[in-house]
Amino acid sequence: MKCRKCGVVAVINMRQHKLALCAEHYAEWVPAQVQKTIHKYQMFTPQDRVLIAVSGGKDSLALWDILLRLGYHADGLYLGLGIDGGIGYSDESHRKCETFLKSFKASANEGIGNSSNLEVPTQDPVVADSWSPKLHTLSIPDTYGESIPGVAQRVRRGRGKPCSVCGLIKRHEMNRLAYELGFSVLATGHNLDDEAAVLFGNTMTWQVGYLARQGPVLPEGDGFARKVKPLCRLYEREMAAYCLVRGIDYIYEECPYSYGATSIAHKELLAELERKSPGAKQNFYLSFLKAREDGFLNENRDLSLQLHDCQRCGQPTTAPGLCAFCRLWVNVEKCT
Ligand code: Q46
Ligand code: ZN
Ligand code: ZN
């Protein structure tokens, strides 16, 4: 298989695009696709400060690399969850984020990586000169006195499987930190496989509320940063290939609690469909977005939700009193 652009040996063949590319052209094609997504869904502009939730995995580190190469002001946010799983999972994933930033800065100083062929958006020159990316780190056990698996052990919500409390805590803390650190946008590395699997799950049970909120952009609201998913049109394998061609070292191990998740079963089903019919996943997700845009879910309905300020942390919540995050910690304190 040869690169469509230059004819040398291709490193990836994307059957859904009928496109094969060599390493060099692939490393340029991916940021160009991401830039198109950012533009199409009006995610952010070069004037925005973007906070990326980085986990040390391939998607979030690839996203950080791409946004920096495109010239955006993007910092990383790492949340230490206190997960060991016999492999020192949290420590190792934190190290991968630190190593990424160090090597990105080193190669940027040597002028590697910021390909002149990339369409770099115009920046505010004052900010561009003085700005340099940072990794913000917050450890949940150090801040709140308990790790995620520890919280899950104590409260009924997460017994045996910490993902539910983990999701709740991560959402709350990412939102809080984006706000406190003055970022207008919070970006996550969800790829098309993730989004298609979530869509599949929500469709199986017709979760209309979730479907109405599932999209590449969740607009900002009172006390909520705008949330965006710039990789939502790229396949998971494409992100792995991007890390490979860019030399990004990421944590290969999944979180030890991810095994057996329903979303993994849904991913396997969709992968089977994709094998038989290249582009099936992409069609499923992008047609949904189109239908949503056309008003199929009457999106505005949910936006009129009445929000209250949580009495403890001040973040918006749908019920008066405490938000789910604060109720969780009150329960943990009760069980101490
Ligand atoms: S980190 Fe947390 Fe995931 Fe691990 S405990 Fe579950 S939700 S699987 S993205
Ligand atoms: Zn090529
Ligand atoms: Zn609260």
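No experiment lies behind these values; they were computed from the predicted model shown. Every number for a ligand or one of its atoms is a count from 1 in the order of the listing.
The Zn ion (ligand 2) forms the vertex of an angle spanning SG of Cys6 and SG of Cys3; to the nearest 10 degrees it equals 110°.
Linking Ile, Leu, Val, Met, Phe, Trp and Tyr residues whenever their side-chain heavy atoms come within less than 4.5 Å places Leu19 and Val34 in a single cluster.
Every atom of ligand 1 is numbered from 1 in the order shown, and the set under 4.0 Å from a heavy atom of Ser258 is 8 (S). Atoms of ligand 1 found under 4.0 Å from any heavy atom of Cys166, numbered from 1 in the order shown, are 1 (S), 2 (Fe), 5 (S), 7 (S).
With no hydrogens or angles considered, a side-chain donor-acceptor pair links Tyr72 and Gln35 at under 3.5 Å. Side-chain contact of Gln315 with Asp309: a donor-acceptor pair under 3.5 Å is absent, judged by distance alone. With no hydrogens or angles considered, a side-chain donor-acceptor pair links Thr37 and Arg233 at under 3.5 Å.
Closest N/O/S atom of His25 to the Zn ion (ligand 2): ND1.
Under a 4.0 Å N-O distance rule, the pair Arg275/Glu272 qualifies as a salt bridge. Salt-bridge check for Lys290 with Asp294: passed, with a basic side-chain N closer than 4.0 Å to an acidic carboxylate O.
For Lys170, the closest heavy-atom approach to ligand 1 falls below 4.0 Å.
The heavy atom nearest to atom 8 (S) of ligand 1, out of those in Cys255, Ser93, Gly85, is found in Cys255.
At the top of the distance list for atom 6 (Fe) of ligand 1, counting protein heavy atoms only, stands Cys163 SG, 2.2 Å.
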